[in-house]
Amino acid sequence: MFTLRPARETDRAALYRICLETGASGQDATHLYTDPLILGHVYAGPYLTHAPGFAFVLEDQGSGEVTGYVLGVPDTAAFEATLDREWWPPLRELYPDPAGVPRADRTPDERIAHLIHWPPRAPQAVLTGYPAHLHIDLLPAAQGGGRGRALMTTLLDALRGAGARGVHLGVGESNTRAQGFYQHLGFRELSRAPGAVTYGLTLTAPS
């Protein structure tokens with residue numbers, strides 16, 4: 001049995017762990033990274049700190065462990081601006097910019113460090129119709145049984161309640177299982193780039 005609840009600050013270590021253990025297109029990425037926290041610094045930590053009202057977790061009632069999460073924000077552009085001011089600067093002190101290392105020669109840690117120094121921006125063409133965005137990750141023990149759908153429904157309702165008219169997300173091009181999951185929920189493909197696919201879902205009717 002699992003409980004779906006709002007995330008708490010005490011869940012931070014669990015969110016970072018899940019982020020790492022699902023960080024290779026849904027598979028365990030623990031063996032890829034020297035620093036076990038670096039992925040979480042980019043894809044989990046900033047949401048718990050700066051958008052806690054849009055962070056939800058699955059807790060295993062038997063073990064008490066958090067085994068999945070969904071994280072999002074209703075206004076991606078505002079969130080990116082907040083991270084520029086408050087989240088990235090201290091991390092840049094911890095992780096050197098690997099700009100001097102050729103892209104093809106960078107380690108997985110260096111590739112993520114590059115994102116810390118040069119965080120990508122969501123394209124305005126996407127934000128116009130889909131200003132919110134989200135991340136969802138579940139460990140294998142929590143997958144199935146409608147739990148991913150329940151997490152998504154909870155967050156999508158919260159984003160709708162905040163007035164977001166649409167939400168987008170990115171998924172690895174090779175992660176066909178996740179792509180099928182999003183399509184089943186009504187997401188449609190917006191764009192495709194080498195290694196990644198962007199999906200969007202309309203949340204409110206146009207005014």
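Everything numeric in this text was worked out from a predicted model, so none of it was measured.
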Evaluate side-chain contact (heavy atoms from CB on, under 4.5 Å) for Tyr130 paired with Leu201, printing each intermediate quantity in order. CA-CA 7 Å; Tyr130 308 92; Leu201 178 71; 5.5 Å; no
Check the pair Leu169, Thr198 against side-chain contact (heavy atoms from CB on, under 4.5 Å), reporting the backbone distance first and the verdict last. CA-CA 6 Å; Leu169 57 84; Thr198 300; over 6 Å; no
Just by modelled atom types, is the Pro36 backbone N or O under 3.5 Å from a matching donor or acceptor in the Arg17 side chain? no
For ring pair (Phe, Tyr, Trp, His ring centres under 6.0 Å), just list the numbers for Tyr47 and Phe79, CA-CA rounded to whole Å, side-chain angles, deciding distance to a tenth of an Å, and then say yes or no. CA-CA 9 Å; Tyr47 297 87; Phe79 183 69; 4.8 Å; yes
Applying ring pair (Phe, Tyr, Trp, His ring centres under 6.0 Å) to Tyr95 and His117, what does each step give before you reach the verdict? CA-CA 9 Å; Tyr95 297 98; His117 286 267; 8.6 Å; no
In Å and rounded to the nearest 0.5 Å, what is the OG1 to CZ distance from Thr154 to Phe54? 13.0 Å
Measure centre to centre between the rings of His41 and Tyr16, then say whether the value is under 6.0 Å. yes
Is it true that atom CZ of Arg177 has more than 12 heavy atoms of other residues, nucleotides or ligands lying nearer than 6.0 Å? no
To the nearest 0.5 Å, what is the distance between CZ on Phe56 and CG on Asp157? 9.0 Å
Could you see if Leu139 belongs to whatever hydrophobic cluster contains Phe2? Use Ile, Leu, Val, Met, Phe, Trp, Tyr and a side-chain cutoff under 4.5 Å. no
Shortest non-hydrogen contact from Leu39 to Tyr33? CD1-CE1, 3.7 Å
Just so I know, are the side chains of Ile136 and Leu138 near enough to count as touching, which here means a heavy-atom distance under 4.5 Å? yes
Supply the atom-to-atom distance Leu58 CG to Thr67 OG1, rounded to the nearest 0.5 angstrom. 5.0 Å
Is there side-chain contact between Arg92 and Asp97, with at least one heavy-atom pair below 4.5 Å? no
Thr107 side chain near Thr34 side chain, heavy-atom distance below 4.5 Å: no
Answer yes or no: is there a donor N or O on one side and an acceptor on the other, between the side chain of Asn175 and the main chain of Ser25, under 3.5 Å? yes
For Cys19 and Ala44, which heavy atoms make the closest approach, and how far apart are they? CB-CB, 4.4 Å
Count I, L, V, M, F, W, Y as connected when their side-chain heavy atoms are under 4.5 Å apart, and connections chain through other members. Are Leu37 and Trp87 then in the same cluster? yes
Looking at Ala162 and Pro74, what are the two nearest heavy atoms and their distance? CB-CB, 3.9 Å
Pairs involving residues 105-119, ordered by first then second residue, that meet salt bridge (Lys or Arg N to Asp or Glu O under 4.0 Å) (sequence neighbours left out): none
Are Ile38 and Trp118 joined in one hydrophobic group, where the rule is that I, L, V, M, F, W and Y side chains link up if heavy atoms are under 4.5 Å apart? no
Residues forming a side-chain contact (heavy atoms from CB on, under 4.5 Å) with Pro52, sequence neighbours excluded: none
Any donor-acceptor N/O pair, Thr76 side chain to Pro131 backbone, under 3.5 Å: yes
For the side chain of Gln179 and the backbone of Gly172, is there at least one donor-acceptor N/O pair under 3.5 Å apart? yes
Qualifying ring pair (Phe, Tyr, Trp, His ring centres under 6.0 Å) pairs, either residue in residues 143-194, two or more places apart: His133-His168, Tyr182-Phe187
Between the side chains of Glu59 and Thr3, does any donor sit under 3.5 Å from an acceptor? no
May I ask you to check whether Thr49 and Arg12 show a side-chain donor-acceptor distance below 3.5 Å? yes
Enumerate the salt bridge (Lys or Arg N to Asp or Glu O under 4.0 Å) contacts for residues 131-151, please, sequence neighbours excluded, ordered by first and then second residue. none
Are Leu20 and Val57 grouped together when hydrophobic residues (ILVMFWY) are joined by side-chain heavy atoms under 4.5 angstrom apart? yes
What is the minimum heavy-atom distance between Leu32 and Ala24, and which atoms define it? CD1-CB, 4.2 Å
From Leu134 CG over to Leu151 CG, what is the distance, rounded to the nearest 0.5 angstrom? 10.5 Å
Indicate yes or no: at least one non-hydrogen side-chain atom of Asp84 is less than 4.5 angstrom from one of Pro119. yes
Checking the side chain of Ser63 only, and the main-chain atoms of Glu65 only, is there a donor and an acceptor separated by less than 3.5 Å? yes
I'd like to check Ile18 versus Tyr69 (side-chain heavy atoms, cut-off strictly below 4.5 Å). Are they in contact? yes
Do Leu71 and Leu48 have side chains that approach each other closer than 4.5 Å (heavy atoms only, starting at C-beta)? no
With no hydrogens and no angle check, is any side-chain donor or acceptor of Arg188 less than 3.5 Å from a backbone partner on Tyr199? no
Would you indicate whether the side-chain heavy atoms of His135 and Val73 approach each other to under 4.5 Å? no
For Ala178 and Val171, the nearest pair of non-hydrogen atoms, with its separation, is CB-CG2, 3.7 Å
Name all residues meeting the side-chain contact (heavy atoms from CB on, under 4.5 Å) criterion together with Ala150; count only those two or more places apart in sequence or in a different chain, and write none if there are none. Leu4
I'd like to know if the side chain of Asp11 reaches the main chain of Arg8, judged simply by a donor and an acceptor atom lying under 3.5 Å from each other, with no hydrogens or angles considered. yes
Any side-chain heavy-atom pair from Val167 and Leu156 closer than 4.5 angstrom? yes
CG-CE distance between Leu159 and Met152, expressed to the nearest 0.5 angstrom: 9.5 Å
Can you tell me if Arg192 has over 12 outside heavy atoms packed within less than 6.0 Å of its CZ? yes
If you compare all heavy atoms of Thr82 against all heavy atoms of His50, which two are closest, and at what distance to 0.1 Å? CG2-ND1, 3.6 Å
Short question: side chain of Arg165, backbone of Thr128 - any donor-acceptor pair under 3.5 Å? yes
Residue list, salt bridge (Lys or Arg N to Asp or Glu O under 4.0 Å) with Asp35, at least two apart or on another chain: none
Is it true that, when you exclude Gln27 itself, more than 12 heavy atoms of the residues, nucleotides or ligands shown sit nearer than 6.0 Å to its CD? no
